[in-house]
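Counting starts at 1 for both ligands and their atoms, following the listed order.
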Amino acid sequence: QVVSQGWNFFEGNFYYFSHISKTWYSAQQFCMSRNSHLTSVTSESEQEFLYKTAAGRVYWIGLTKAGMEGEWYWVDDTPFDMVQSERFWIPGEPNNYENNEHCADIKASSLQSWNDAPCDQMLRFICKQPYIPSEP
Ligand code: 2F8
Ligand code: CA
């Protein structure tokens, strides 16, 4: 597994914190071009690693809405656990402000850090690539 400079290892995954800003979709395309996806968040320790490394800057994560019901899902195909994820939203979020917020970012420097924002906003972003042990 080739992992270039600029990726940080944490609990079985490599993470890339971009310096440049992109729309949510362009960010996801960038991640895919690097064998990764915009990051999912599935544990408190992962959430803590992400918001601490984000250090108060705002980053896209791999959470967006699909379908008529506008259900949240992880773009890396991790099942979205609505109950377990509740604690990671900033209080009052997601609020779908002006009916135009269908992508999520890490905004606050706290376990409660997620905000929903317009997908065409230009933000930094976090890619995640699982570490594959013993790849030839
Ligand atoms: O007050 C929370 C609210 O703040 C902003 O809207 C005024 C955010 N907008 C963007 O990030 C573009 C909302 O998403 C957020 O809910
Ligand atoms: Ca919002």
request  = Please work out which of the three classes, parallel, tilted or perpendicular, describes the rings of Phe17 and Phe49, given edges at 30° and 60°.
outcome  = perpendicular

request  = Check whether any side-chain heavy atom of Gln112 lies under 4.5 Å from a side-chain heavy atom of Glu93, and answer yes or no.
outcome  = no

message = Contact between Phe125 and Cys31 at the side-chain level, heavy atoms closer than 4.5 Å - yes or no?
response = yes

ask   = So how far is it from Ser43 OG to Phe88 CZ, rounded to the nearest 0.5 Å?
value = 6.5 Å

query = Roughly, to 10 degrees, what angle do Asn115 atom OD1 and Asn95 atom OD1 form around the Ca ion (ligand 2)?
reply = 140°

task = Could you check which N/O/S atom of Glu93 is closest to the Ca ion (ligand 2)?
result = OE1

task = Return the orientation label for the Trp7 and Tyr16 ring planes: parallel under 30°, perpendicular over 60°, tilted otherwise.
result = tilted

Distance dump, ligand 1 polar atoms to protein, N/O, under 3.5 Å:
{"from": "ligand 1", "atom 1": "14 (O)", "to": "Glu101", "atom 2": "OE1", "distance (Å)": "3.1"}
{"from": "ligand 1", "atom 1": "14 (O)", "to": "Glu101", "atom 2": "OE2", "distance (Å)": "2.5"}
{"from": "ligand 1", "atom 1": "14 (O)", "to": "Asn115", "atom 2": "OD1", "distance (Å)": "3.3"}
{"from": "ligand 1", "atom 1": "14 (O)", "to": "Asn115", "atom 2": "ND2", "distance (Å)": "2.9"}
{"from": "ligand 1", "atom 1": "14 (O)", "to": "Asp116", "atom 2": "O", "distance (Å)": "2.9"}
{"from": "ligand 1", "atom 1": "16 (O)", "to": "Glu93", "atom 2": "OE1", "distance (Å)": "3.0"}
{"from": "ligand 1", "atom 1": "16 (O)", "to": "Glu93", "atom 2": "OE2", "distance (Å)": "2.6"}
{"from": "ligand 1", "atom 1": "16 (O)", "to": "Asn95", "atom 2": "OD1", "distance (Å)": "3.0"}
{"from": "ligand 1", "atom 1": "16 (O)", "to": "Asn95", "atom 2": "ND2", "distance (Å)": "2.8"}
{"from": "ligand 1", "atom 1": "16 (O)", "to": "Asn115", "atom 2": "OD1", "distance (Å)": "3.3"}

task = Measure up the Phe10 and Tyr15 rings against each other and bin them: parallel (under 30°), tilted (30 to 60°), perpendicular (over 60°).
result = tilted

message = I'd like to know if Trp72 and Tyr97 are part of one continuous hydrophobic network [Ile/Leu/Val/Met/Phe/Trp/Tyr, side-chain heavy atoms within less than 4.5 Å].
response = no

request  = Please work out the angle at the Ca ion (ligand 2) defined by atom O of Asp116 on one side and atom OE1 of Glu101 on the other, rounded to 10°.
outcome  = 70°

